[in-house]
Amino acid sequence: MKLRILVADDHEVVRRGLCTLLQAHEGWEICGEAVDGRDAVEKAKALKPDIVILDVGMPNLNGLAATRQLLQHDAGYKIIVLTITDADQVIREALDAGARGFVLKSDAARDLVSAVEALQRNRMFFTPRVNEMVLAGFLDKGHNGSKGEVPNLPKLTAREHEVIQLLAEGKSSKEVACVLNLSTKTAETHRSNIMRKLGFHSIRDLVVYAIQNNIIQVQTSQISPTETALHS
Amino acid sequence: MTLRILVADDHAIVRRGLRSLLGAHPGWEVIDEASDGAEAVDKSSQLTPDIVVLDISMPKMSGLEACRLIRRNNPQSEVLIVTQHDSKQMMREAGDAGARGYVVKSNIARDLVRAVQATSEHKPFGWKTDPLNHSN
């Protein structure tokens, strides 16, 4: 029986690249494609793929939030996240969310097949940098208990994280309500609770928070001729 | 006659996607790939493609610099910029560098085929007026 894979990335060209790469492997098939995190969650529930590949930086619902939602629904999902960065915080959040594979987009052509093979054998796949962090975290815990945990972050619910992403993407409370299938009043209540919990006074503060915490990703619009950007 | 296309992007997975999208079109052939700006310039000189599909953010040499050199060395090769940079200033710089077409990566599904078709006929894509026609 073929290994069924769901691929989610908001960029058509990246999805096409991922699909052709994975379809070329004998015994694997793409059972579905998704254009954002919300679409990925719906399709994963409907199609029940063996492996889900999620881009982190997707609109409407990012890949980490989608990972959390899927694993909350069914802990059996095997999820690989694709990112443009292996910054500490993104790695930590991916691990916390329950992803079993972590692949940099810049290395996807080299690493993704190995990552899928690893998950197929019920193993995990991480980049060398993630392995270092996991090991360091393990050693820290052995010596200091809670060292390595993020301190003093306000506790937000999963729903509030979804609302933050949508507001930071420029949606109004009415549009948030529409996307999340809520009443406008409930969306506004979520918005006020978020602003209160985080001590924010403007939507600008919320956008900055969303960027700093990788809830949304912002593309650069200025580059120098020698820059070696990973964002393209 | 087959339209010969060179694809330049530093991400292998994006090159693979572009190759797949372009190769599916009858009469178009991706003749080679480049993973940075300098390689794109070298391969353009060797292969003289009809169209170079060029990313902007690449190592060693940016797509804009590569575009200038490709247009200077091989004026018969047209350049189509395919980039994540959705900014008027970047479009202006691409036009100044000699690009005929400009597509933002998030719009690739809608624009890529039309942009390659326009560029292959030496028509502008992405600008209201032809960036290479200074009488505009």
*Would you name the heavy atoms of B:Arg16 and A:Gly17 that are closest together and state the gap between them?*
CD-O, 3.3 Å
*Identify which part of B:Ser106 has an atom lying under 4.5 Å from any heavy atom of chain A, answering side chain, backbone, both or neither.*
both
*asked:* Would you say that more than 12 heavy atoms from the other residues, nucleotides or ligands in this model lie under 6.0 Å from the CG of A:Asp74, or not?
replied: yes
*Counting only heavy atoms not in A:Gln23, do more than 12 fall under 6.0 Å of its CD?*
yes
*To the nearest 0.5 Å, how far apart are CD1 in B:Ile13 and CG in A:Leu112?*
6.5 Å
*Determine whether more than 12 heavy atoms belonging to other residues, nucleotides or ligands lie under 6.0 Å from atom CZ of A:Arg123.*
no
*What residues of residues 33-50 of chain B sit under 4.5 Å from chain A when only non-hydrogen atoms are counted?*
none
*Roughly how far apart are B:Lys105 NZ and A:Asp10 CG, rounded to 0.5 Å?*
12.0 Å
*Picking from B:Ile108, B:Leu112, B:Val82, which has the most non-hydrogen pairs under 4.5 angstrom with chain A?*
B:Ile108
*Would you give the length of the straight line joining atom CD of A:Glu12 to atom CG of B:Leu18, rounded to the nearest 0.5 angstrom?*
10.5 Å
*A:Arg16 and B:Leu21: which non-hydrogen atoms are nearest, and at how many Å?*
NH2-CD2, 3.4 Å
*Do you know the tightest heavy-atom contact between B:Val14 and A:Val13?*
O-CG2, 3.8 Å
